[in-house]
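I have placed the structure first, in the form of structure tokens, so that the comments after it can refer back to it.
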Amino acid sequence: MKKLLLGNAAVARGAYEAGVRVVASYPGTPSTEITENIVKYDEIYAEWSPNEKVAAEVAIGASIAGARSMSCMKHVGLNVMADPVFTSCYTGVNAGLVFCVADDPGMHSSQNEQDSRHYAKAAKIPMLEPSDSGECKEFTKLAFEISEKFDTPVFLRLSTRISHSQSLVELCDRQNDELKPYEKNAPKYVMMPGNAIKRHVDVENRLLALKEFSENSDINTEEINSTDIGIICGGTTYLYAHEALGDKASYLKIGMVYPLPDKKIIDFAKKCKKVYVCEELDPIIETQCKALGLDVIGKEAFTLLGEYTPSMIKSAVLGEKIPKENALLEPLPARPPVMCAGCPHRGAYFVLKKLGLTVSGDIGCYTLGAVPPLASIDTTICMGASVSAAHGMAKARGSEFNKKLVSVIGDSTFMHSGITGLTDIVYNKGANTVIILDNSITGMTGHQDNPTTGYTIRGEETKQVNLISLCKALGVEHVVVADPFDVKEFERVVKEEVNRDEPSVIISQRPCALLKRVKYTGHCKIGDNCKNCKMCMKLGCPAISVKDDKVVIDNTQCNGCGLCVNVCPFGAISKED
């Protein structure tokens, strides 16, 4: 039976058919739906781990214990799990082990465009890259076979377009998922220096065997049409190039991007008069081609930045310009991202902007506090950095600067990597104020549960981490819970806490407006006593706008959260059920 599936759903199906038993991940766009689709298969244990490093360690442990296992993350999540991943190459596996990493060319939902293929080479772990949903499923199954055949973890690299595009997938039955025998084997799994030195020899020998496999694998395929132009490509660029050039070019489609099939590449290049390397982001394949002495055209014709398109490829290779009839008659209006109506973070940022504080920001929905009109956030680096970076800022500039400085971090992000930063502040005698924006869910990636929600990935009740008790256990004496929609009280709390000479935590507690259990009703309206001061416009609520120089509220967008009622200095806004 064939079914239309997202690339991410196809990876999940491949894991199911491959007999996977354990999947541990942390949500991150564009990889999130892999694990969310895994939950549909009762035969697989799945979890949202507190962060990617923990997820990788869970998967590695399951593999050693004899279960095929997998961990999924976005490209920056691979940075977080790099420590155990690099060592897993030395230990090898017992049952198959696959790391699915989804890159984000174009930075649709990311802070950088890093190319995860570098990790394959650095960690000496083979990497496969599918070009459509059918290959997502088949390459996932193949990855587990390679893992067990060569005693190695395997990377499966996706990109936003592959993860979130749909194509037909052939559904098959699940393979035998019996556990492999577990035997104590300290020389293989205990990576003390004496053992690791010996395992490194195995790693290098394995690479030679993988190189031979890559040369003979049918996932690296030739398509010979016209020999005037040759295109070396893989993943989404294969589809783009094929659409742009059709049978005007021949193609070497690379499915195993590490180790590369050098002999195949050389043989293909000999058949074509002019060879282009078409790859998004960094010149990984191009660099290898040039190291082999091949005269190829790469980034001098294409770009290091963002995503490719068929039109871009056609223009670079054939010199054909994009027809004017394909161009937009006029530019589209800008549509910057905005916090949802009723977002609990809006009240917190309104207060922080009013107080003129320096705000060390973090990754999540609340990053949108950096854009006008709230324009509160000064820095955003990576998950958890809001806490640690603010500690560094305070140590650099002194106590007076610290009294105008706060960190903001979400509840899920705090569990991910904010705890250690807060520990650092307490241990090293800092006096920072950390605001945990507790919206009771992992918001930006689509409402995944986390250790503070009290539910597992399958919606089962579990122990709920108490943020108050946790912060106090770390040594923070002053932990205050405040409602960010009570703007006057929230302002009072922030003023009090930033003036302390010791660490403090404010838990800004109000659930995400999009949660099913949040039952805002009615809408807000502006009365005749409006002074047109436009204070409510400073909230950046999508339901509030100015028309004919008068503030108006769009009832189709307003959900009646009431924040604007609390902000209006003249009592001109009221809630109407």
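Keep in mind that this is a model prediction, so the values were computed, not measured.
Counting only N and O atoms by type, the side chains of S63 and N94 include no donor and acceptor under 3.5 Å apart. In the model, T367 has no side-chain atom that pairs as donor or acceptor with a side-chain atom of D362 under 3.5 Å. Side-chain contact check for T413 and Y366: at least one donor-acceptor pair (N or O, by modelled atom type) lies under 3.5 Å. Residues S110 and D104 have side chains that bring a donor and an acceptor to within less than 3.5 angstrom of each other. No donor-acceptor contact under 3.5 angstrom links the side chains of T303 and Y308, judged on distance only. When only modelled atom types and interatomic distance are considered, S163 and N8 share a side-chain donor-acceptor pair under 3.5 Å.
Between the side chain of E170 and the backbone N or O of K2, no donor-acceptor pair lies under 3.5 Å. Judged by distance alone, the side chain of K274 and the main-chain N or O of D228 form no donor-acceptor pair under 3.5 Å. Remark: the backbone N or O of M312 is not paired with any side-chain donor or acceptor of S315 at under 3.5 angstrom. Of the possible polar contacts, none joining the T442 side chain to the S412 backbone as a donor-acceptor pair under 3.5 Å is found.
Heavy-atom contacts from other residues, nucleotides or ligands closer than 6.0 Å to CG of N205 number more than 12. Taking a 6.0 Å sphere around CD of E204, one finds it holds more than 12 heavy atoms contributed by other residues, nucleotides or ligands. Heavy atoms of other residues, nucleotides or ligands lying less than 6.0 angstrom from OH of Y455 number 12 at most. With a 6.0 Å radius and a threshold of 12 heavy atoms from other residues, nucleotides or ligands, K248 has its NZ atom at or below the threshold. Within a 6.0 Å sphere centred on NZ of K188, other residues, nucleotides and ligands contribute more than 12 heavy atoms. E178 CD: 12 or fewer foreign heavy atoms inside a 6.0 Å radius. Crowding of D173 atom CG: a count of heavy atoms from other residues, nucleotides or ligands under 6.0 Å not exceeding 12. Applying the 6.0 Å contact sphere to NZ of K211 captures more than 12 heavy atoms from other residues, nucleotides or ligands.
With sequence neighbours left out, the salt bridge (Lys or Arg N to Asp or Glu O under 4.0 Å) criterion links E138 to no other residue. Taking the salt bridge (Lys or Arg N to Asp or Glu O under 4.0 Å) definition, one finds that D83 meets it with nothing, sequence neighbours left out. Checked against ring-ring contact (aromatic ring centres under 6.0 Å, His included), H75 has no partners two or more places apart in sequence or in another chain. For N79, the side-chain contact (heavy atoms from CB on, under 4.5 Å) test picks out V76, Q114, Y119, with sequence neighbours left out.
Rounding to the nearest 0.5 Å gives a distance of 11.5 Å between CZ of F99 and CE of M127. Rounded to the nearest 0.5 angstrom, I297 CD1 and K299 NZ are separated by 13.5 Å. Within the model, atoms CD1 of I38 and CZ of R13 stand 10.5 Å from one another, a figure rounded to the nearest 0.5 Å. With rounding to the nearest 0.5 Å, the separation of CD1 in I409 from CG in D438 is 12.0 Å. Put simply, NZ on K121 and CG on L207 are 11.0 Å apart, with the number rounded to the nearest 0.5 Å. A distance of 7.5 Å separates CD1 of I162 from OG of S133, quoted to the nearest 0.5 Å.
Under the 30°/60° scheme for interplanar angles, the aromatic rings of F302 and Y276 are found to stand perpendicular.
Taking 4.5 Å as the limit, some side-chain heavy atom of S131 sits within range of a side-chain heavy atom of K253. Side-chain contact between S71 and M81 is present, with at least one heavy-atom pair separated by less than 4.5 Å. Using a 4.5 Å cut-off on side-chain heavy atoms (C-beta onward), N220 and S214 make contact. Looking at R161 and E307, their side chains come closer than 4.5 Å, going by heavy atoms from C-beta outward. By the 4.5 Å heavy-atom criterion applied to side chains, Y90 and H200 are counted as neighbours. Residues E279 and I284 have side chains in contact (heavy-atom distance under 4.5 Å, counting atoms from C-beta outward). Contact annotation: the side chain of L245 approaches that of I313 to within less than 4.5 Å [non-hydrogen atoms, C-beta and beyond]. A heavy-atom distance below 4.5 Å is not found between the side chains of I285 and T287.
Within the structure, side-chain hydrogen bond (donor to acceptor under 3.5 Å, both in side chains) pairs that include any residue of residues 49-60 comprise E47-S49, E52-H416, K53-E57 (at least two apart or interchain).
Of the charged side-chain nitrogens involved, none lies within less than 4.0 Å of a carboxylate oxygen, so that E215 and K263 do not count as a salt-bridged pair. The pair K271-E222 meets the salt-bridge criterion, since a charged nitrogen lies less than 4.0 angstrom from a carboxylate oxygen. Between K264 and D267 no salt bridge is recorded (no basic side-chain N to carboxylate O distance below 4.0 Å).
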Notebook entry, point to check: Where do S116 and D103 land on the side-chain hydrogen bond (donor to acceptor under 3.5 Å, both in side chains) test, with the steps shown first?
Noted result: CA-CA 7 Å; S116 294; D103 285 3; 2.5 Å; yes
Margin query: Is there a salt bridge (charged side-chain N to carboxylate O under 4.0 Å, His left out) between R157 and E129? Walk through the geometry before answering.
Written below: CA-CA 5 Å; R157 181 188 186 235; E129 183 171 1; 3.0 Å; yes
Would you mind writing out the side-chain donor-acceptor pairs for residues 229-238 within the sub-3.5 Å range, not counting sequence neighbours?
unit_1 : atom_1 : unit_2 : atom_2 : d
T236   : OG1    : Y240   : OH     : 3.4
T237   : OG1    : G234   : N      : 3.3
T237   : OG1    : G234   : O      : 2.7
T237   : OG1    : C278   : O      : 3.0
Y238   : OH     : E223   : OE1    : 3.3

